[in-house]
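Structure, as structure tokens:
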Amino acid sequence: MAKLTRARAEERADALQAEFDAWQEHAEDLGPDALALRRLIGRARALLRRVHRLDDPAGRALTERLNDQLGAFRGAWSALERSGNGANAAELDSLTQALLRGEPEAGDALAERLVVSEAETTSADIETLGLRASFLFARYARHFAGKPRASRDALMLGDMERYLSSMVERLVLELTLHLQDALMKRIELLTEQLAIWALEQEQIGPAREALPPRERLHALAELTDGLAAEWRVQVAQVPGSTVRPRLVKRLLKALELVRIDVDALAATELPDDLEARELLARVVELQDAWLTRKDELAAQRRRSSPMVRARALQAEVAECILQWAREITGGAHGPDRVTRMGELCDRLQELERQLAKAVHDGANDTTERLLGYARARLVEWELAWEQAYGG
């Protein structure tokens, strides 16, 4: 894994500024590219997180510079929203309502507007992959950045790593068709991120094992809470046709690993410990419920057709948007609101992943339009979460 030196970080800050200057020129001549600006913001945020580790006067100066750059990028985004050149919330809501009424054709004009920036790029695949990678970075920020490694889910990070790796592979293929310096640099950045995630994934288990027994038990309890929350958001309370079998398999495997560790603690280092016994009982209870749900989902999937699953995805995206409107836009502010924002971002990311596969497999035009809509709303939500979390 390449170490980020101050000189290398300054080079990347220069490259970000040059890209932003080019974006502004493009906006003046041909109109603003909202997706490109969103990716630029994501890359600036990622660089800023790494530069924070350069704790010396030069590093602090670079941090201040990047904060200024990020402020300018976000200011451009706010101006873009105010100008009406991007799809605003009212327009997006109109598509949601049309879908709920069973009138997907009512959203045609909006859907075209959402994907116009991709159509104008030299390679829509490259731009779309960059956007999807930024969604993964946002999820990493929610679940891993700044969190104790011992309480993290290594299998979730492994899934994210494999998913990002598949994107990098597709970008490398594009590189054979479009020999561009910018694309090479993007592949380099994503490859470095993959190395970071791979290393972190390997360190989670040893970090937990290094803890004293009581702290290890608390880390396992926190991990169990995280797994239970993900199951609730992605599996338990949603239509079965919108649940990926591999997601269910991953969560069940992670919970089984927790059970093994808690069982070992209760049998050896924390014998007759009430807290250990209670956690073990909770994990076993969750396993029983999850295995029952897994069987239900398998039966539902056997009975459903691709058309039924596509319609279920459409309805679930609409429901997700309405939940955001009720609980976030119209809800009270506070820590619970920020947590719920993150859950809805994660859920819409999961739906976007399934929609992308459906489109790749030849789904109808309605599903393809909905995919563009889901990505546009995710851009908005991820920025809202970042501002609420940071504020």
Side-chain angles (χ1 to χ4, degrees), residues 32-49 66-67 69-97 99 110 113-114 117 128 130-147 160 229-230 232-234 316-353 355 370-391:
D33 183 341
L35 297 182
L37 180 57
R38 175 64 185 93
R39 286 191 306 277
L40 192 59
I41 291 172
R43 288 164 56 199
R45 286 169 45 206
L47 179 59
L48 183 58
R49 284 196 297 269
L66 282 168
N67 275 319
Q69 283 183 295
L70 192 54
F73 299 169
R74 287 172 172 160
W77 179 267
S78 297
L80 182 60
E81 289 185 315
R82 291 193 301 269
S83 71
N85 286 324
N88 60 37
E91 290 175 311
L92 292 171
D93 287 339
S94 71
L95 179 55
T96 303
Q97 295 302 322
L99 289 169
L110 176 59
R113 187 172 180 187
L114 290 172
S117 59
T128 300
L131 181 66
R132 300 183 75 195
S134 75
F135 295 154
L136 275 179
F137 296 155
R139 192 175 190 199
Y140 176 85
R142 270 192 293 281
H143 295 281
F144 295 94
K147 304 289 196 308
M160 293 169 58
E230 186 176 6
R232 172 178 53 81
V233 171
Q234 303 286 10
E316 184 62 13
V317 169
E319 175 59 27
C320 197
I321 300 302
L322 291 178
Q323 287 176 354
W324 183 280
R326 288 193 301 262
E327 302 175 41
I328 308 304
T329 305
H333 289 244
D336 290 344
R337 176 177 179 267
V338 178
T339 299
R340 185 59 178 152
M341 290 172 75
E343 290 178 348
L344 289 172
C345 285
D346 285 350
R347 179 58 182 158
L348 194 55
Q349 278 198 32
E350 174 64 23
L351 294 171
E352 186 273 342
R353 182 172 179 170
L355 287 168
L370 187 62
L371 175 59
Y373 167 59
R375 286 172 177 165
R377 186 49 69 90
L378 256 177
V379 168
E380 176 190 332
W381 287 11
E382 293 291 3
L383 284 173
W385 177 86
E386 179 200 343
Q387 292 166 358
Y389 183 78

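Numbers here are sequence positions counted from 1.
- Between F135 and R375, the shortest heavy-atom contact is CZ-O, 3.7 Å.
- Contact detail for F144 and M160: the closest heavy-atom pair is CE1-SD, 4.0 Å.
- To the nearest 0.5 Å, atoms CZ (R347) and CD (Q323) are separated by 9.0 Å.
- Here the closest non-hydrogen pair linking E382 and C345 is OE2-CB, 3.7 Å.
- Checked for salt-bridge contact, E380 and R377 meet the test: a charged N lies under 4.0 Å from a carboxylate O.
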- Task: Any chance you could lay out the side-chain contact (heavy atoms from CB on, under 4.5 Å) test for V379 and L131, step after step, and finish with the verdict?
- Result: CA-CA 9 Å; V379 168; L131 181 66; 3.8 Å; yes

| request: Using the salt bridge (charged side-chain N to carboxylate O under 4.0 Å, His left out) rule, take R142 and E343 through it: C-alpha gap first, then chi angles, then the decisive distance, then the call. | output: CA-CA 10 Å; R142 270 192 293 281; E343 290 178 348; over 6 Å; no

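- Here the shortest heavy-atom pairing between A138 and Q349 reads CB-NE2, 4.5 Å.
- Shortest non-hydrogen contact noted between R132 and R353 is NH2-CA, 3.9 Å.
- Residues W381 and I321 come closest through the heavy atom pair CZ2-CD1, 3.5 Å.
- Rounding to the nearest 0.5 Å places CD of E316 at 6.5 Å from CD of E319.
- For the atom pair CG (L322) and CD (E327), the distance works out to 10.5 Å, reported to the nearest 0.5 Å.
- Side-chain atoms of R340 and W324, non-hydrogen and from C-beta on, never get closer than 4.5 Å to each other.
- With rounding to the nearest 0.5 angstrom, the OG1 atom of T339 is 11.0 Å from the CG atom of L344.
- In terms of modelled atom types and a separation under 3.5 Å, the side chain of Q234 and the main chain of D346 share a donor-acceptor contact.
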